Amino acid sequence: MMNSGPPPPPQGSSMNEDKGDGIRRRPVPVHYDWHVAPAQDGDDGEDQDDEGIVFEDEQPKVMDYIAIFCDYVFWILLAYCAANLLLWVGEQAGIVHPHFEEWSPVRWWHTNPHGLQKELYENRTSGEEFDGLKKWIEGGPGGWVNPKLGIHDYLSERGRYERRLEVKEAVDRDEVLVRLPLSHVLSSDFCQQDLTDGTIRKVVEAQKKSSDGIEISPWTWITLYMIAHSHKGGSSSASSATWRFDSLLKSEYIDAALSYMPIFWDDANLHWLNGTDLLNIHVLDVHAAIETEYHKLTYLVSDIQDTIPVVDFKKWAMVVMSRGETVDLPDRENKTRTVPQLAIMPLIDLVDHHLPMPEKPLRTDDDLLKYQERGSHTNISYNAALAAVVLKAKDMMPQNTAVTVGYGVRSNADYLLYHGFTMPRDWSDLTLCTQYGMIELPLPPDMPAWKSRFMLHGYRYAVPACPSRKSTPHVIIGAARFLVATEADVMSFEDRVLKDPSLLEAKVTAKKEKFLNHGVLEALTTVCDTVAQPPLCRSPISLSSERAAWALVKKHTLMRVALHPVSMAEDERILASDDKEGTLTVNQRHAVIVRREEKQTLQRWCSIAATIADFLQTPEAEPEIANTRLPEEEKLENEEPRTRPIYWQRLMEFSLPENTRELPVGCQAR
């Protein structure tokens with residue numbers, strides 16, 4: 001009889017689970033894909049170390065690290081972009097203002113310059129040093145010093161110690177005073193090739209190896225040479241072949257001379273220059289130029305900062321700038337020709353640079369040229385046959401006459417900045433028409449993109465106190481035209497230029513037909529010089545544009561005049577009082593003379609700018625914005641435009657003394 005009950009459970013299963021539950025479970029087949037591998041040699045079947053066993057689905061951990069790093073970089077970059085976007089939005093909304101660390105120059109000043117001047121004068125030994133210097137020069141090939149020459153020590157204004165070359169006997173015209181061998185001239189080429197100093201050799205080698213193409217200024221090479229050799233000489237060793245430096249330039253004398261230059265003034269003296277371009281621009285520019293060169297040197301040769309402190313470098317750099325002269329010397333690449341080079345010329349650099357006062361105001365270029373020809377008693381030139389720099393008398397010089405070589409007619413600010421002296425205050429009145437002021441035109445906040453791509457920042461512009469045919473304010477007016485030009489003005493002027501190319505001095509190319517519209521951007525490049533920096537519109541664009549340009553210049557001129565905290569009348573009162581009582585120090589008096597001259601120049605330009613701006617508002621101005629062209633045979637300078645508006649002639653007329661008018665409102669420094 002067959003058994004009809006359920007089949008027995010699989011072996012190994014438990015029936016206790018179903019016991020008493022009355023549920024019949026359906027068997028599910030189980031697939032087993034694994035099998036037992038046969039034992040290998042040495043495998044005893046015991047537990048083995050699982051190290052080294054890698055399952056197929058296990059990923060190496062390095063991939064996890066790379067993924068984490070990529071996520072980190074992604075989120076950092078995203079946060080950086082978001083932060084910059086928020087800063088930009090904040091700046092545009094006026095909520096956030098960018099903050100830049102203010103640069104502060106390294107400064108030095110002498111605590112008692114007056115006492116140092118007195119001490120130097122009482123202990124002067126320049127006679128012996130001068131004799132040693134003469135022997136050193138005459139020991140060179142072809143070197144010679146006229147026995148009529150001598151050195152004179154004296155106290156000038158308010159106890160200032162000075163020394164200068166003088167003739168002890170009368171000198172005839174064209175008589176040679178000094179022949180300085182080329183081997184004794186401290187030019188940049190000569191100093192760069194000096195192999196006796198390790199620092200210069202290191203800089204030369206590092207510059208050759210550098211891939212950055214770092215250029216070293218000529219005066220920097222001379223400065224390095226003077227620092228290296230300043231302590232090698234003395235009167236006892238003046239004839240030594242290894243000594244190539246002026247023995248009269250002792251460190252004490254250097255400190256005394258530098259104490260009169262504004263970059264070595266203390267705060268009390270600099271306070272007298274408040275509001276001037278000399279303090280706000282030029283002094284800082286000189287500091288920055290010197291420190292930039294110093295950082296170049298320390299970048300090339302790092303141990304320079306340990307051997308040459310920045311203060312010492314700054315002192316000797318100003319010695320080079322103060323005593324250096326530009327003279328034609330043989331070119332290093334081609335000895336058959338000469339090129340202008342900055343050089344220090346020992347003994348010759350002791351000439352007096354004060355010019356005699358002009359007999360009358362210098363109003364024209366001819367007046368200036370004649371005065372400069374008569375101002376110097378001597379002439380410095382290179383003689384190729386003698387291989388020497390020759391100092392020769394231009395005219396007969398009486399006994400005990402100072403040997404003079406003028407720096408040329410320059411502003412008192414320039415004399416003070418680089419040489420530590422000023423001419424008398426009457427100099428400003430007599431040379432006013434040779435002076436220039438500085439006016440800054442900042443970028444407007446709403447400058448459109450089609451113009452802003454050509455002008456990224458504002459500029460400062462030189463403006464003449466007395467415009468002439470060879471010196472006009474064409475740069476500042478051209479830039480102002482660019483700043484105020486509208487899209488309609490530019491497009492309209494381009495159409496006129498294409499019909500009449502004589503409206504522009506530059507050649508006009510015909511407009512090409514294009515699928516898209518020509519556009520204001522290309523029109524701007526046609527009517528204005530967008531390649532120049534700053535970009536200039538050299539011809540009037542329209543009457544309204546010309547009015548706006550001069551109004552802009554007038555506005556910023558008035559703002560510049562107002563920055564002076566002291567009036568010109570107060571400066572004149574201070575100088576007049578000092579003439580009687582002598583209450584000012586040398587530096588204080590120089591500061592007042594400089595700031596008075598700057599105000600005088602600005603007020604003169606302000607009067608001209610205001611007068612032209614007012615004239616352009618009259619009906620007579622419209623026909624005078626038309627262009628006229630100067631004759632081709634007339635020589636122009638400083639890139640002066642030959643094509644200029646008719647009203648330009650009024651600039652010259654207003655500069656004449658007979659047309660001097662009362663200062664307009666706002667043009668007088670308070």
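One is the number of the first residue; the rest follow in order along the sequence. Small disclaimer: the values here were computed from a predicted structure and weren't measured.
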Problem - Between Q603 and S607, a side-chain donor and acceptor under 3.5 Å - result: no
Practice task
Indicate the atoms forming the closest heavy-atom contact of A523 with M491, along with that distance.
Solution key: CB-SD, 3.7 Å
Handout entry: Pairs where residues 553-591 contributes a residue and the test disulfide bond (SG atoms under 2.5 Å apart) is met, not counting sequence neighbours
Key = none
Exercise for the section: Would you check if there is a donor-acceptor pair between the side chains of Y371 and T431 at a distance under 3.5 Å? Expected result: no
Problem - R453 atom CZ, neighbour heavy-atom count above 12 within 6.0 Å - result: no
Handout entry: Heavy-atom donor-acceptor pair, Q588 side chain to T585 backbone, under 3.5 Å
Key = yes
Problem - Donor-acceptor under 3.5 Å (S322 side chain, V319 main chain) - result: no
Practice task
List the steps, then state whether salt bridge (charged side-chain N to carboxylate O under 4.0 Å, His left out) holds for R650 with E653.
Solution key: CA-CA 5 Å; R650 294 178 179 269; E653 295 175 356; 5.1 Å; no
Handout entry: Cation-pi, F264 ring and R107 (6.0 angstrom, 45 degrees)
Key = no
Practice task
Answer yes or no: is there a donor N or O on one side and an acceptor on the other, between the side chain of S539 and the main chain of L503, under 3.5 Å?
Solution key: yes
Problem - Criterion salt bridge (charged side-chain N to carboxylate O under 4.0 Å, His left out) on D352 and R164, from CA distance to verdict - result: CA-CA 6 Å; D352 189 354; R164 68 186 184 189; 3.5 Å; yes
Handout entry: Modelled atom types, side-chain donor and acceptor of E597 and S428, under 3.5 Å
Key = yes
Handout entry: N/O donor-acceptor pair under 3.5 Å between R595 side chain and W272 backbone
Key = yes
Exercise for the section: For the pair D489 and T486, evaluate side-chain hydrogen bond (donor to acceptor under 3.5 Å, both in side chains) and give the outcome as yes or no after the intermediate values. Expected result: CA-CA 5 Å; D489 286 336; T486 65; 3.0 Å; yes
Practice task
Say whether, by atom type as modelled, one donor and one acceptor occur between the side chain of D500 and the main chain of R496 under 3.5 angstrom.
Solution key: no
Practice task
Consider only side-chain N and O atoms of S259 and W109, and report whether a donor and an acceptor are under 3.5 Å apart.
Solution key: no
Practice task
Carefully, step by step, assess Y161 and S156 under the rule side-chain hydrogen bond (donor to acceptor under 3.5 Å, both in side chains).
Solution key: CA-CA 6 Å; Y161 175 52; S156 62; over 6 Å; no
Fill in the blank from the handout: G159 and L155 have their tightest heavy-atom pair at O-CD2, 3.7 Å
Practice task
Using only heavy-atom distances, determine whether the side chains of Y415 and W427 contain a donor-acceptor pair under 3.5 Å.
Solution key: no
Exercise for the section: Indicate yes or no: at least one non-hydrogen side-chain atom of M568 is less than 4.5 angstrom from one of Q668. Expected result: no
Problem - Shortest non-hydrogen contact from L584 toward I574 - result: CD1-CG2, 3.8 Å
Practice task
For the pair N412 (side chain) and M423 (backbone), establish whether a donor and an acceptor sit closer than 3.5 Å, ignoring hydrogens and angles.
Solution key: yes
Practice task
Could you name each residue pair satisfying disulfide bond (SG atoms under 2.5 Å apart) that touches residues 554-583, not counting sequence neighbours?
Solution key: none
Practice task
Quick one: which residue pairs count as a disulfide bond (SG atoms under 2.5 Å apart) with a foot in residues 607-641, not counting sequence neighbours?
Solution key: none
Problem - Over all atoms of both residues, closest heavy-atom pair of G666 and V561 - result: O-CG1, 4.0 Å
Handout entry: From H590, H354, H353, residue fulfilling ring-ring contact (aromatic ring centres under 6.0 Å, His included) relative to F421
Key = H354
Practice task
Any chance you could lay out the side chain to side chain contact (heavy atoms under 4.5 Å, CB included) test for R460 and I439, step after step, and finish with the verdict?
Solution key: CA-CA 5 Å; R460 292 191 298 267; I439 303 297; over 6 Å; no
Problem - Polar contact flag, side-chain donor to acceptor under 3.5 angstrom, T618-E620 - result: yes
Completion exercise
In short, L483 meets P444 closest at the heavy-atom pair CD2-CD, 3.9 Å
Practice task
Tell me yes or no: between the side chains of H474 and E640, is some donor less than 3.5 Å from an acceptor?
Solution key: yes
Exercise for the section: Using the side-chain contact (heavy atoms from CB on, under 4.5 Å) rule, pick out the option among N587, N269, L416 that qualifies with Y260. Expected result: N587
Exercise for the section: Return yes if a side-chain donor-acceptor contact under 3.5 Å exists between E598 and H564, otherwise no. Expected result: yes
Problem - Audit row: S217, E293, side-chain hydrogen bond (donor to acceptor under 3.5 Å, both in side chains) steps and yes/no - result: CA-CA 7 Å; S217 176; E293 289 295 311; 4.8 Å; no
Practice task
Using atom types as modelled and distance alone, determine if a side-chain donor or acceptor of Q600 lies under 3.5 Å from a backbone N or O of L432.
Solution key: no
Handout entry: Verdict with reasoning, N274 to H271, per side-chain hydrogen bond (donor to acceptor under 3.5 Å, both in side chains)
Key = CA-CA 5 Å; N274 279 349; H271 176 76; 3.1 Å; yes
Practice task
Would you kindly check if the NZ (Lys) or CZ (Arg) of K314 is within the cone defined by 45 degrees around the ring axis of W108 and under 6.0 Å from the six-membered ring centre?
Solution key: no
Problem - Side-chain donor/acceptor of K599 to backbone N/O of V566, under 3.5 Å - result: yes
Exercise for the section: Flag this pair as yes if the NZ/CZ of R538 is under 6.0 angstrom from the six-membered ring centre of F482 and inside a 45 degree cone about the axis; otherwise no. Expected result: no
Problem - Sidechain-backbone polar pair: T526 side chain, E522 backbone, donor-acceptor under 3.5 Å - result: yes
Practice task
Give a yes or no on this: more than 12 heavy atoms of other residues, nucleotides or ligands lie within 6.0 Å of atom CD of E157.
Solution key: yes
Handout entry: Separation of M318 CE from F313 CZ (nearest 0.5 Å)
Key = 12.0 Å
Practice task
Please answer whether the main-chain N or O of T583 pairs with a side-chain N or O of D578 as donor and acceptor at a distance below 3.5 Å.
Solution key: yes
Problem - Pairs flagged by disulfide bond (SG atoms under 2.5 Å apart) wherever residues 591-640 is involved - sequence neighbours left out - result: C606-C667
Practice task
Decide whether Q533 and Y459 meet the rule of one side-chain donor and one side-chain acceptor closer than 3.5 Å.
Solution key: yes
Handout entry: Test side chain to side chain donor-acceptor pair (under 3.5 Å) applied to N627 - qualifying residues, sequence neighbours left out
Key = none
Handout entry: E546 and R481: CA distance, side-chain angles, deciding distance, salt bridge (charged side-chain N to carboxylate O under 4.0 Å, His left out) verdict
Key = CA-CA 7 Å; E546 199 74 357; R481 290 171 184 150; 2.8 Å; yes
Handout entry: Side chains of S452 and L443 in contact at under 4.5 Å (non-hydrogen atoms)
Key = no
Handout entry: side chain to side chain contact (heavy atoms under 4.5 Å, CB included) between W219 and I290, intermediate numbers included
Key = CA-CA 10 Å; W219 56 262; I290 296 176; 4.1 Å; yes
Handout entry: Heavy-atom neighbours of E215 CD exceed 12 at 6.0 Å
Key = no
Problem - Neighbour count >12 (heavy atoms, 6.0 Å) for atom CD, E634 - result: yes
Handout entry: Where at least one partner belongs to residues 410-420, residue pairs that pass salt bridge (charged side-chain N to carboxylate O under 4.0 Å, His left out), sequence neighbours excluded
Key = R410-D414
Completion exercise
When every non-hydrogen atom of I541 is compared with those of A485, the smallest separation belongs to CD1-CB, 4.0 Å
Handout entry: Side chain to side chain, I625 and I646, heavy atoms closer than 4.5 Å
Key = no
